[in-house]
Structure formats: C-alpha cells, structure tokens
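Here is how names work: the chains are called A, B, and so on, in the same order as the sequence lines, proteins then strands, and each is numbered from 1.
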Number of protein chains: 2
Amino acid sequence: MKSITIKDVAQRAGVSPSTVSRVISKDARISENTKKKVLEIMDELNYYPNSIARRLANKKTDTIGVVMPYGTEDVLMNPFFQESLRGISIVSSDKCYDILISTSHKNEDEIDVLRCLIKGNRVDGLILTRSNENDEAIKYLRDNKFPFVLIGSCLEYDDITSVDNDNEKASYELTSFLIEKGRKKIAFIGGELHSVVIKNRFEGYKKALKDNNIEFKNEYLIFDKFLEESGYNLTDKLLNLDDIPDAIIVADDLMSLGAMKKIKEKNYKVPEDIMLASFNNSILAKYSNPSITSIDINSTELGKRACEKLFSILEGNESELKKEIISHKIIERDSTKSI
Amino acid sequence: MKSITIKDVAQRAGVSPSTVSRVISKDARISENTKKKVLEIMDELNYYPNSIARRLANKKTDTIGVVMPYGTEDVLMNPFFQESLRGISIVSSDKCYDILISTSHKNEDEIDVLRCLIKGNRVDGLILTRSNENDEAIKYLRDNKFPFVLIGSCLEYDDITSVDNDNEKASYELTSFLIEKGRKKIAFIGGELHSVVIKNRFEGYKKALKDNNIEFKNEYLIFDKFLEESGYNLTDKLLNLDDIPDAIIVADDLMSLGAMKKIKEKNYKVPEDIMLASFNNSILAKYSNPSITSIDINSTELGKRACEKLFSILEGNESELKKEIISHKIIERDSTKSI
DNA sequence: CTGTTAGCGCATTCAT
DNA sequence: ATGAATGCGCTAACAG
C-alpha cells in the first residue's frame, strides 16, 4: 500500500513540498489561490499527512500516555480506573490527542516501561493514575523533568502537579459517620499497602477513631490489591476473628463487593450485623444488594482535570496551582442504614 | 531535553551508526566483541531508540487501534467495552504493542477518523468493537485492504475476519427460557438500532416467540443507545402501555440496570411482576438487586481472540478461520426465578 | 509569498 | 563483520 506523500501533492499542484506543508499547517502567509489549488489536489489524491514523519520532524507525538498501577489487565476491571480513563479520554479527544495505554508488562520493571515511553518518544506527557510512598516512577519522571500529572498525591516532593481528593478528610467523615450510627468495632480494608490513597484513607480512619476514643485494633486492618477477590479474601480473615467487627470500611467499591459476598456467605446481615461503607461510588455501589454507602470521589472529574492540567503544562501555561483537590461526598445507601 | 541518538552511541563506542543499529535489531552477523561493547555504551549513556524515527524507517507503528462505536466517552461507561478492551490489552501487552484508543470526536465523520488513523500511519491494524448494517467503516477498511478484525459480525461481506458470539442462538435460548417460565408477554429492549448484535439478538427473540406460537407485538420492541439512561427511559414507555409485559429481555446489562430502576420506581416487582433477563453478564448483573439473569458472552475472550487474530494477520499467518464464534451461556439469577 | 536546503533518528542497501 | 550513503515523509531556516 504505497502512500501518497507531500511530494506527490506538490508535483501535481505544481508547487514545492514546503508550500504544501505550509498549507497543511495552516501557515498564514500563503496566497489564497495556491492554497485552494493545493487543497483541491490533496482532496483529489485523497492525501493524508503521515503522522509519523510529522512527529519526527516536529519532535512531538500528540499522544499522552496513561500509566496504571500493576498490570493494566487487572486494573481495567476496576471502575475507578475505567472512569478516570474516561475523563482523560474526554479531554484528550477534545484536543485531538491520542491516548496510549501503557500496557505494563507484568514482570518488567516499571521504570523500564517509563523509559521506553519517554526516551522512545512515544508520548508528550504522562498521567499517572496512582502514587505510592517513595514512588520510583514519580522520582524518575521528576528527575527527567518529563511532563506528567499525578492522579493522587505525592508525599515526598511538593512540586508535583497533581489532582486528588482529600482522602484523609473523606475517610475521617466516613468513619465518623459509622461511629454516629453506633458502631465501634470498625474494621478497615485497604487496597495496595503502599499507595498514598490508602495511606490517607487509613489516616483519616485512625484519626476518627481516636477523636471518638475508640481503640484502634491492629487485627481490624488489612490490605491487598484493588480487586473483588481481595475484598472477598480479606473479609474472610475479619470474620474469623474472635471479636468480629460491626462495621467495615473498604477502600474501594470493587473490593467491597467481594466483602459483601463473603459476609453473606457467612450468614451475616448487612447492615444489621455489619455495616459496610466504601470509596469511589462507582455504579457497582449503587446497584449492589444491599446498595453500598460510598464516598463519591468524582473519578471522571479526576481524570478530566488531570488531563487538562497536563495540557496546561504541555502548552507552557503552568500558571495553575500544582495541587488540585476535587470535592467528595458521602452517598448514603442501604449498607449503613440504621434499622 | 536533548535525547541521545544512535550517533552518540556509535561515536562513543568507536563504531558506525549502522553497527549500533544492527546491535539494536539483533542482527546476527556482528562480532560478539563489538556487540558487547555497544551494549555497554548504550547502557552507560542510558540510550533508548527513538520509536518515532524507527517507525518512520520501518513503516511500522507497533500500535493497534481500537475503534469504539459513537463517542468513546459514553462507551467507556459500558462494561462490555471495558472488558473487551481489557482482553485486547492483555494480548497486545504480551506482544509489546501499544493500544491506541480512537477517541472519536463527536461530530466528526467516522470515516475521517479512520482515514486519519490509517493514512496517517498511526496504527498497524485495527479492532472494531462493533458492527452495523451496511457499516461504512467496514467497507472503508475492506476497500483499503487495511488489516482489521471485527468484534461482531458483518452481514454484507464474508471475507471479514471477525470474532463474535452466536447472538441469535443466545437470544433464542434466553427467550425460550422465559417462555418456559410461563411468561408470554415478553418485551425486547435493544441497543443501537442498526447494530448487527442487536439485529441478531432480535432475530433470536422473534424466532423463539414464533416457535412457541406467541404473537410478536410491535409495541414491545424498542431501541436506543447502550446506556443506563436509555434502559431507564425505554422501560418507562413499556410500563405506560395498556398491556404491560411480564418479562423484558434487555440487550445489555447496563441498560437493564436502568430498566430495573424504572420498574422499581413504578412499584412493580422483579421477578414476580416482570422478569428481567439481559446480555453480557458483566459484574453489574451479578451484583444488582435482584441479581439479573444474563447471557455470559465472554467479553474479555472476545477482545483477546480479536487481538490474536489481528496479530495473525499482521504476521501474515492468515490461516485461521475468518469467522470465529465464542461460546455463550445463560447465567441464571434472581431476576428470573420462578416463585 | 514561495522554493531550496538541510535535518529529525533510524534502517538498509551497497560496498569493502 | 563493518562503514558510507541514501531514504522514510515532513518541517523549518534561510533565501529570494
């Protein structure tokens, strides 16, 4: 499939390649006549500029990369990532930018993936959809001064552009909410242990307990991946304790479905025996049975704003504030209804 | 950020650029010595080949494009597309290929988007996640002999490589299933009117009615987009009929959630008053209240196989069969439980 | 306003 | 086994 080049168009139109190039890039200083002529030929020949060649010449890819935590495969099951991806997609689509999903290869070093993306000139900028403590990826991107935006927060540096919720506050509110409902044995099921989101949510939980003079019990605290299966398995541990909790806060909706399943299997009732409250307010929480109280963190908005901030950086308008906080809200549902 | 080129490495290693290039592309005929030396320098300089330049020289992008129906934004809300995307991601990640999500710009002609993708040399191949009757996109790709695989079926040509379920059969089974449960007033809520999936599912439904001597009623048949909202609105119409249905088949889980919501609002009971059965068996169907009987179509597998077939084409092994059928299975849940 | 020239970084003949 | 030269298709600096 031999493709038509700018040369073909130029020849056919009786002008030079650069003139055609100028028409393509809408250069002002070009006569209406030749412009019209060139456009005609382009249409006639069904010509379309080769984006690769263009990128090489421009040193610009018109592509933004999205980096997910651990295996994209697992992550794409989680509504939070799906929704933030959607937000990113909406904004980038508007700017006619492509999205490159970093399909991080399982056992590969993540830094390698980033290096490949950056040094390989595959993307103009990146959006990281997660952050860990001492995140090597963040350090790498920062060291290399590569444009990126974080969905989440960075603890180590304060010059990282990021979009996040106030997860500590949200978690504090959610915990207090359960305490007001009369629950005192509140367990916390986290996601990835070293992720900052989880850390924040855990802090809020702990603080709320403390402010209400409730003893924090280590066995009520467990972590694993953001998967339904993890929620299921972790809850099993909780329900095998001598003193089982009367409420569980789960750091993610998908996990809370797993938790719910296990609770039912063990013949406990939600909310009577155990109240369940969760984060992210995905569609899953809404339609689960019973429906699950969840913190709406505006996942799509997180993605949108992250992408908008990335474009600001790419366009050189880095005037905006570095750290942006997206609002959250408790959406109360049946899983925490007092009877 | 000036990047290191193959030249820099060559100079530092005291060899010519072409030698370095050969090392990179693992050319056999190169001495172990120089090879080792070059690799060392590459590591030392933290060199990484520029993928853009590489692509231009190779005329190959190592990227596959995924085309969604109408606005990517809406579609990314639907679990079916999320899951098939996940399948695609799993396979392409394995091959170290990038995935480009065609962020189809709302009002733009879809063919324009494709042309931009193809003539612009942005992707090596495409996966279409939907098919319509007289699908212009399919025609365009076929006419241009561009490598692509369809998730779905094409009615007009039989030389299109595709992966699909036997949707007519699945729908026939599902409808028969409801009839066996004693329901006779079965409505059908479709998705996009002109999509082949919906057409097939509708055919199966109609056939089952006929084989069971049940009259097909036109007012029991309605269509709209694959969105929760659509399911909600369409169900409203059904429930405003003089003779409301006692069962509804919905062509998609997300839509069925909307349907469920409306049914509840109108104070009907599922399954007692109205049975609900759906397609795609996403996590939503499983956790909905009541849980929804749904046809498991193996969405992730559809994506995986589509991607594998695309790679076969790209690698020139087009030996496989053109049309592949993925199995399906009715997953029975509470929404159709006889009392 | 337009043409000429020289890259962008890599791969690939064709020599040696 | 390696180097030199040329081209992938487009852009941009410099002329005119």
Side-chain angles (χ1 to χ4, degrees), chain A residues 1-39 41-42 45-63 115-124, chain B residues 1-39 41-42 45-63 115-124:
Chain A
M1 196 169 65
K2 204 185 156 316
S3 44
I4 297 153
T5 76
I6 213 169
K7 260 187 182 169
D8 302 319
V9 179
Q11 193 169 11
R12 194 91 159 65
V15 296
S16 81
S18 32
T19 303
V20 178
S21 173
R22 285 186 184 108
V23 172
I24 293 169
S25 47
K26 305 197 199 313
D27 195 313
R29 40 180 209 185
I30 204 133
S31 81
E32 274 306 317
N33 258 339
T34 51
K35 182 175 168 184
K36 186 159 156 275
K37 172 92 185 188
V38 169
L39 285 173
I41 304 288
M42 279 175 46
L45 262 46
N46 194 15
Y47 164 79
Y48 207 92
N50 179 324
S51 75
I52 302 290
R54 197 157 197 199
R55 288 172 187 191
L56 183 59
N58 282 332
K59 293 173 159 284
K60 193 167 170 312
T61 66
D62 292 326
T63 302
R115 193 160 34 144
C116 166
L117 248 37
I118 296 174
K119 305 272 182 189
N121 276 76
R122 294 161 107 81
V123 296
D124 291 342
Chain B
M1 196 168 65
K2 205 184 155 316
S3 43
I4 297 154
T5 76
I6 215 170
K7 259 188 182 167
D8 302 318
V9 178
Q11 193 169 11
R12 195 90 159 66
V15 296
S16 80
S18 25
T19 303
V20 178
S21 173
R22 285 184 184 109
V23 172
I24 292 170
S25 47
K26 306 198 198 312
D27 196 313
R29 39 176 209 189
I30 204 129
S31 81
E32 274 305 318
N33 258 338
T34 51
K35 182 174 167 184
K36 187 160 155 274
K37 172 91 186 188
V38 169
L39 285 173
I41 304 288
M42 278 173 47
L45 261 46
N46 194 15
Y47 164 80
Y48 208 93
N50 179 323
S51 75
I52 303 289
R54 196 158 199 197
R55 288 170 187 193
L56 183 60
N58 282 332
K59 292 174 161 283
K60 192 165 170 313
T61 66
D62 292 327
T63 302
R115 192 159 38 141
C116 167
L117 248 36
I118 296 172
K119 304 273 182 187
N121 276 76
R122 293 162 106 82
V123 296
D124 292 341

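Of the candidates C:dT4, C:dG9, C:dT12, the closest approach to any side-chain atom of A:S16 belongs to C:dT4. Closest to the A:Y47 side chain, of the nucleotides D:dC10, D:dA4, D:dC8, is D:dC10. Closest contact between the side chain of A:I24 and the listed nucleotides D:dC8, D:dT11, C:dG3 involves D:dT11. Taking the side chain of B:A57 as heavy atoms from C-beta on, and the options D:dG9, C:dG9, D:dT2, the nearest nucleotide is C:dG9.
When the C1' atom of D:dG7 is taken as reference, atom CD1 of B:I6 falls 15 Å away, rounded to whole Å. Taking atom CZ of B:R55 as the reference point, atom P of D:dG7 lies 24 Å away to the nearest angstrom. Summarising the geometry, the separation between NZ on A:K7 and P on D:dG7 is reported as 8 Å, rounded to the nearest angstrom. Taking atom CD1 of B:I4 as the reference point, atom P of C:dG9 lies 12 Å away to the nearest angstrom. In this structure, the NZ atom of A:K59 is 6 Å from the C1' atom of C:dC8, given to the nearest Å. Between the CG atom of A:D27 and the P atom of D:dA13 there is a distance of 11 Å, rounded to whole Å. In this structure, B:N121 places its CG atom 9 Å from C1' of D:dG9, rounding to the nearest Å. One atom, CG of A:L56, and another, C1' of C:dC10, lie 8 Å apart when rounded to the nearest Å.
Nearest heavy-atom pair, B:R122 versus B:C116, reported as atom, atom and distance to 0.1 Å: CD-O, 3.4 Å.
Here A:V15 lies in heavy-atom contact (under 4.0 Å) with sugar-phosphate atoms only. Among the protein residues, A:P49 comes within range of the sugar-phosphate backbone only, with heavy atoms under 4.0 Å from sugar or phosphate atoms but none that close to a base. Nucleic acid contact for A:T34: sugar-phosphate only, since backbone atoms but no base atoms lie under 4.0 Å from a heavy atom of the residue.
A donor-acceptor contact under 3.5 Å is not formed by the side chain of B:T19 with the base of D:dA1. Not a single donor-acceptor pair, N or O on each side, falls under 3.5 Å between the base of C:dT12 and the side chain of B:S21. Residue-to-nucleotide contacts include a donor-acceptor pair under 3.5 Å from the side chain of A:R22 to the base of C:dG3.
Mapped onto DNA chain D by nearest heavy atom, B:I30 and A:R54 fall at different nucleotides, with B:I30 at the one closer to the 5' end. Residues B:S31 and B:N58 each lie close to DNA chain D; by heavy-atom proximity, the contact nearer the 5' end of the strand is made by B:S31. If A:E32 and B:P17 are placed on DNA chain C by their nearest nucleotide, the residue sitting closer to the 5' end is A:E32.
The local environment of NZ in B:K60 is crowded, with over 12 non-hydrogen atoms from other residues, nucleotides or ligands closer than 6.0 Å.
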_Would B:I24 and B:I6 count as a side chain to side chain contact (heavy atoms under 4.5 Å, CB included) here? Give the steps._
CA-CA 10 Å; B:I24 292 170; B:I6 215 170; 3.8 Å; yes
*asked:* side chain to side chain contact (heavy atoms under 4.5 Å, CB included), that's the test. Do B:V15 and B:V20 meet it? Break it down for me.
replied: CA-CA 7 Å; B:V15 296; B:V20 178; 3.9 Å; yes
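With hydrogens and angles left out, the side-chain atoms of A:S18 and A:S21 include no donor and acceptor closer than 3.5 Å. Side chains of A:S51 and B:N121: a donor-acceptor N/O pair is absent below 3.5 angstrom, by distance only.
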